[in-house]
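See below for the structure under consideration.
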Amino acid sequence: MAKKKGAGAPNPVGIHIGIGEKDRAAIAGGLSRLLADTYTLYLTTHNFHWNVTGPMFNTLHTMFMAQYTELWNAVDPIAERIRSLGHAAPGSYAQFGKLASVPDAPVTPPKALAMVKILVDGHEAVARTARSIFPLADKAGDEPTADLLTQRLTVHEQAAWMLRSLLEE
Ligand SMILES: [Fe+2]
């Protein structure tokens with residue numbers, strides 16, 4: 001009689017890192033939303049780097065470059081954390097469109113300060129997404145995710161402050 005596949009022996013490719021399947025799925029789901037938000041904000045920031053105009057051109061063109069570079073570098077560790085938890089990382093515009101809380105960039109480039117406001121809102125939205133996942137990671141004892149979320153929160157809250165400062169008198 002054929003033995004049932006995997007019966008009596010641990011699955012050799014199973015994940016045994018001390019975080020249960022349900023918790024890994026919930027955290028990976030949260031990180032997928034964070035990945036979609038981060039990617040969408042990356043693209044909007046790069047778009048604004050290209051399309052910004054006006055007397056603040058040089059300041060904003062340079063500032064947006066630093067910010068989109070940081071966001072671009074951030075998507076990889078988020079995606080790879082999802083993989084480490086045993087789930088597939090989303091990576092298509094269709095998936096990102098469904099998962100993101102950050103809106104797509106406007107088709108017509110806004111004026112410079114309207115771009116800054118959109119980016120403030122974007123960084124604040126990504127911070128809220130990251131913060132909403134934290135209790136899941138904390139409860140599951142998932143320190144690498146908690147560490148990643150802490151780093152992302154620091155970056156987004158700092159970027160939001162810097163951009164917000166441009167809008168204040
Ligand atoms: Fe450039």
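FYI, side chains are in, hydrogens and waters are out, and symmetry mates aren't considered; it's all heavy atoms of this structure. Just so you know, ligand 1 is whichever comes first in the structure, and atom 1 is the first atom listed for that ligand.
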message: Quick check on side-chain contact (heavy atoms from CB on, under 4.5 Å): which of H123, Q67, H46 does L41 satisfy it with?
response: H123

query: Side chains of L113 and M56: does their closest heavy-atom pair fall under 4.5 Å?
result: yes

message: With a 4.0 Å cut-off on N to O distance, would you call R152 and D37 a salt bridge?
response: no

query: Mind checking whether H49 and Y68 have parallel, tilted or perpendicular rings, split at 30° and 60°?
result: perpendicular

is_close_aromatic(F96, Y93), centroid dist under 6.0 Å: no

query: Taking the Fe ion (ligand 1) as the centre, how many protein N/O/S atoms fall inside a distance shorter than 2.8 Å?
result: 1

Distance-minimising heavy-atom pair for P90 and I82: CD-CD1, 4.2 Å

